[in-house]
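Here is the structure we will look at.
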There are 2 protein chains.
Amino acid sequence: MADINVQRPAAQPDSRGAEATPGAARAGELRWDIIELLFFAYRDFVGDADHELEAFGFGRAHHRVLHFVHRYPGLKVADLLDVLRITKQSLGRVLKQLLDEGYIIQKTGNNDRRQRLLYATPKGEALVAKLAGLQTDRINRAIASIDPAGTETVRQFLRAMIDRDDPDKVLEAIFGGGKPGK
Amino acid sequence: MADINVQRPAAQPDSRGAEATPGAARAGELRWDIIELLFFAYRDFVGDADHELEAFGFGRAHHRVLHFVHRYPGLKVADLLDVLRITKQSLGRVLKQLLDEGYIIQKTGNNDRRQRLLYATPKGEALVAKLAGLQTDRINRAIASIDPAGTETVRQFLRAMIDRDDPDKVLEAIFGGGKPGK
DNA sequence: CAAGATATGTCAATATGGCTGACATAAATG
DNA sequence: CATTTATGTCAGCCATATTGACATATCTTG
């Protein structure tokens, strides 16, 4: 059984090469540990849903669409493009599948009949809730391991990790607290 | 300027369809907000690096390889496959580029000469540190927004989000505290 | 009303980064 | 020597993303 060549994370001399990276933390202050934890935490977090989605012939892209349509009923296609930051061609494919298979329905906008307002069907609600259940279980386990007051700390940390310049409508709803329009 | 159709996240009736999702939280307890925050936080977090990587003709896959080789010098190819959970064919492509372009070097194992131990070159160190600098800036900004003691809470939360069954060598190093071998 | 802008949809081609299966080589192991 | 292990590679497939071009319906404006 081959011996182990892996050393613990070496306290690197931190050879930040090139001309002092713009706006970067000084040497020795890099958050290697948190960078790494975010990688693993997110990998396992989305892994929960990925596994379940396979049984439906769906991928992560479908989950993201279904999630936001569920959360923000009446979302327009253009809003979804903003939020997901993908092109309409990419969205088109997964959205068509979700529509064809009855997970989402479109309704023509009342004021602007060009718009297609998106809503999750009961079938769609069921799937997205199932996926959220798996992820919630993981989150609850993690929250149980920290100080009760820590939940708000984690929430605040995550919020502060998000770019707030040029927010889309969903981010406005999350942050704005009260500027959901304009 | 078309009116806004997006409502704030509706307190959904939470139609967990189908037979009570196995092991899932009960209705009304789903962590929709944290699920969503994780999506946005991770998107922007990796976005920092993604943008920079473009200039080098690299993608996320290259970053991940470079990161772990940097952090765990002497990592074997097989270890990297475990950590990244991809196939050797997939790894082969990006690893070959990183080797060809001088970001990583291989050294034949001392005990087992079949092994190729991986090390980041100064060029590789410079790139990975530059990327980590960008991400560290974001993390520092987020940490600055929470209680000083909150950093450890966040770290603990992230650690608890990670699967610990069948850990690879990197996770053993992160968690094991002292069982880096076997 | 006619002209232009907007919201959506679709066709075609391409890139990235995963995957499987098959096979080859070198070196360790029994 | 036979087998297993560590690595590499060829060939093809799939999902998801991209760009550019174009079509249609509808709203807005001069």
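Chain letters run A, B, ... following the sequence lines, proteins first and then strands; every chain starts at 1.
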Set of side-chain contact (heavy atoms from CB on, under 4.5 Å) partners for Gln89(A), sequence neighbours left out = Thr87(A)
All side-chain hydrogen bond (donor to acceptor under 3.5 Å, both in side chains) counterparts of [X], not counting sequence neighbours:
{"X": "Glu152(A)", "value": "Arg155(A)"}
{"X": "Asp48(B)", "value": "Arg138(B)"}
{"X": "Arg60(B)", "value": "Asp50(B)"}
{"X": "His62(A)", "value": "Gln97(A)"}

So ring pair (Phe, Tyr, Trp, His ring centres under 6.0 Å) across residues 79-115 of chain B, not counting sequence neighbours, yields Phe58(B)-Tyr103(B)
Within residues 100-108 of chain A, the residues having a heavy atom closer than 4.0 Å to DNA chain D are none
List in numerical order all residues of residues 40-56 of chain A for which some heavy atom is under 4.0 Å away from an atom belonging to DNA chain D.
-> none
Quick one: the side chain of Gln89(A) and the base of dG20(D), do they pair up donor-acceptor inside 3.5 Å?
-> yes
Salt bridge (Lys or Arg N to Asp or Glu O under 4.0 Å): pairs with one or both residues in residues 83-93 of chain A, sequence neighbours excluded | Arg85(A)-Asp44(B)
Between protein and nucleic acid, restricted to nucleotides 13-17 of chain D and to nitrogen or oxygen atoms under 3.5 Å apart, what atom pairs and distances do you find?
from    : atom 1 : to       : atom 2 : distance (Å)
dA17(D) : OP1    : Arg64(A) : NH2    : 2.4
dA17(D) : N7     : Arg93(A) : NH2    : 3.4

With sequence neighbours left out, what residues match Asp100(A) under salt bridge (charged side-chain N to carboxylate O under 4.0 Å, His left out)?
-> Lys96(A)
Check the interface with nucleotides 25-28 of chain C: list each N/O to N/O pair with the protein under 3.5 Å, or write none.
from    : atom 1 : to        : atom 2 : distance (Å)
dA27(C) : OP1    : Arg113(B) : NH2    : 3.2
dA28(C) : OP1    : Arg113(B) : N      : 3.0

